[in-house]
Protein chains: 2
Amino acid sequence: MVSAMAGLPGHAVITEVGPRDGLQSEPVFVPTAQKIALIEALIAAGLRRFEVTSFVSPRAVPQMRDAAQVMAALRGRDGLHLTALVPNERGAEVAIAAGVDALVLFASASESHNLKNVNRSRAASLQGFADIARLARGTGVRLQGAIATAFGCPFEGDVDVQAVVDQAAACRDLGMDHITLGDTTGMATPALVVQRVEALRKVLGDAELALHFHNTRGVGLACVWAGLSMGVTHYESSIGGLGGCPFVPRATGNIATEDLVYLLHESGIGTGTDLDALIGAAQLAQRIVGHELPGQVMKAGPRLRTAGMDSVRTAHG
Amino acid sequence: MVSAMAGLPGHAVITEVGPRDGLQSEPVFVPTAQKIALIEALIAAGLRRFEVTSFVSPRAVPQMRDAAQVMAALRGRDGLHLTALVPNERGAEVAIAAGVDALVLFASASESHNLKNVNRSRAASLQGFADIARLARGTGVRLQGAIATAFGCPFEGDVDVQAVVDQAAACRDLGMDHITLGDTTGMATPALVVQRVEALRKVLGDAELALHFHNTRGVGLACVWAGLSMGVTHYESSIGGLGGCPFVPRATGNIATEDLVYLLHESGIGTGTDLDALIGAAQLAQRIVGHELPGQVMKAGPRLRTAGMDSVRTAHG
């Protein structure tokens, strides 16, 4: 490891999305106790911010039908920041009652993805945000905006940066102090990261920007590096890379938390987490879902876990 | 795709190492005709520079025992640049007779890896370079230096940047006009790339610098991005990510050529290659070796291959 490089932040913040984004992609319902055990392992590894669950229709998303129970096991603990996705006012009411710290309101930057994902227009989604914002006022619960397909749409292709900027501005105007750009189907590239972060800076004001990348085409951590070089300090990831790509059965989805932490620590950027403990949690996640996860550091081990000279075959070049 | 970014090169050069570095890692001998068919597919996709083979003992590396036949099928074609690894004067003689454009002379930046890999000290390897340089003089065949474990050693851990700089200077003094830093076991990080490239600039003179990364811990393309931002324009990769990591059975080795090209093209950096054709070649490589390769773009497809709205399930968030 080298010490922090000029131009890079000294510390980064991670929101772990495996319990929601990751486990929602699994075909089966992961028992509540196992979800909580996984989150406990992640807390023990030093993570503090979690996208815990979604308050959505249990018919539409049965994987998240235990949202209130998972929240009940975690709420009120010191130092944790717990968020949940809510698609509408009903979900927001239940989430607020369940004790979330912030509601995540999501819409896509592309019209066809929004229609496909939540069956309404982008304009209708933004109107829904306003209704939820009214409902949350005075409760102390914060609002976060998540912009899906912020780097490209699987149906429309490229997404105009202005659509992302306008949506971020609308979120800010509704009082959201945190905006996440979601790379929903792995279309982000480092160049697009630089372009979008530059454009967003002009409208974000005091709102915090977070980046959520997928590693579908292998450049997830290159996008993080581009974000870091732009001074962005908040990233979302999922332990072990939980959560596939809904569009390509064999493709990778979310960047793995432990791979992200590896990159950050090896760049001299602190995270407050322990890489070995995260690798252990990734292995727990793998056991819970019962199939191999795409995280790479969990397979290769940390960088300086040296080998015995007799333990390996030579490469001869 | 966005247009070329400020500070990035407009064009990059790729040396394809799959035929040598990749296939050498396979447990079985790939028939000569299949090797040549793979290289032909890569040429058709626009690649021009190949690390074709090694001229080594067929007992030590039986996978490369057809080195002369593979070279015979390729030599003399316009526009190709063909290199081969040679461990000693005997190998160099045969390689020169076989018609290579350049000999690749390799040694590790760490003593224990060099001992393990070629059974001699680093000093003895450098002395061997001098003997080969004398032998090659006047033949018109160029010399390239490859510095293995340039970002870390699996036995010793961190490798002092000064060892890399000194080895590069020794190579330059022997008349090598091309130096490759090899990330032999996937220990490179973007920060180390910046550090090493900065340090090397002072001693390279007119010699070209190439970077060879492994994706063992997921940061291979992030390292490329760091190299690009330092102005390095020459990268080595293997089609489909052929060639595992000799130290971790399930871990990834070389970055995949088509993933590298995806990153470059999406950054506005030309390569002279066709991504779709490279994906086809990666699929051919997969059929040849008979197991799944780690390349990711070959699974997910190019960025703008859009989906029909009925072909996918929704993510609902």
Side-chain angles (χ1 to χ4, degrees), chain A residues 2 5 21 24 54 56 60-61 85 106 112 116-118 152 154-158 184 186-187 189-192 194-195 215-219 221-222 224-226 229 245-248 250-252 256 259 262-263 266-268 296-297 299-301 303-304 306-307 309 312-317, chain B residues 2 5 21 24 54 56 60-61 85 106 112 116-118 152 154-158 184 186-187 189-192 194-195 215-219 221-222 224-226 229 245-248 250-252 256 259 262-263 266-268 296-297 299-301 303-304 306-307 309 312-317:
Chain A
V2 297
M5 288 173 51
D21 186 327
Q24 183 170 318
S54 293
V56 290
V61 187
L85 266 69
F106 58 98
S112 46
K116 182 79 182 175
N117 198 36
V118 293
F155 311 119
E156 299 178 18
D158 277 324
T184 310
M187 296 172 73
T189 65
L192 286 173
V194 171
Q195 179 214 45
N215 196 35
T216 315
R217 291 173 175 87
V219 299
L221 293 180
V224 170
W225 187 254
S229 65
C245 175
F247 298 91
V248 189
R250 285 157 59 245
T252 305
D259 292 0
Y262 169 77
L263 172 63
E266 292 293 338
S267 307
Q296 294 188 236
V297 173
K299 300 180 183 78
R303 188 171 165 272
L304 293 181
T306 52
M309 281 186 68
V312 293
R313 62 185 169 91
T314 56
H316 211 34
Chain B
V2 297
M5 286 173 53
D21 187 328
Q24 183 171 318
S54 293
V56 290
V61 187
L85 267 69
F106 59 97
S112 46
K116 182 80 182 174
N117 198 35
V118 292
F155 310 119
E156 298 178 18
D158 278 322
T184 310
M187 295 172 75
T189 66
L192 285 174
V194 171
Q195 179 213 46
N215 197 34
T216 315
R217 291 173 175 88
V219 299
L221 293 181
V224 170
W225 187 254
S229 66
C245 175
F247 297 91
V248 188
R250 283 159 58 246
T252 305
D259 292 1
Y262 170 78
L263 172 64
E266 293 292 339
S267 306
Q296 294 188 237
V297 173
K299 302 180 182 77
R303 188 171 164 272
L304 293 182
T306 51
M309 282 187 68
V312 294
R313 61 186 170 91
T314 57
H316 211 34

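The structure displayed is predicted, hence computed values, not measured ones.
Among V219(B), T216(B), N215(B), the one residue that satisfies the side chain to side chain contact (heavy atoms under 4.5 Å, CB included) test with Q296(A) is N215(B).
With hydrogens and angles disregarded, a donor-acceptor distance shorter than 3.5 Å links the side chain of R217(A) to the backbone of G301(B).
Across every non-hydrogen atom of W225(B) and A191(A), the tightest pair is CH2-N, 4.0 Å. The shortest non-hydrogen separation linking G218(B) to L221(A) is O-CD1, 3.4 Å.
Taking 4.5 Å as the limit, some side-chain heavy atom of R303(A) sits within range of a side-chain heavy atom of D158(B).
In this structure, the portions of A226(A) lying under 4.5 Å from any heavy atom of chain B include both its backbone and its side chain.
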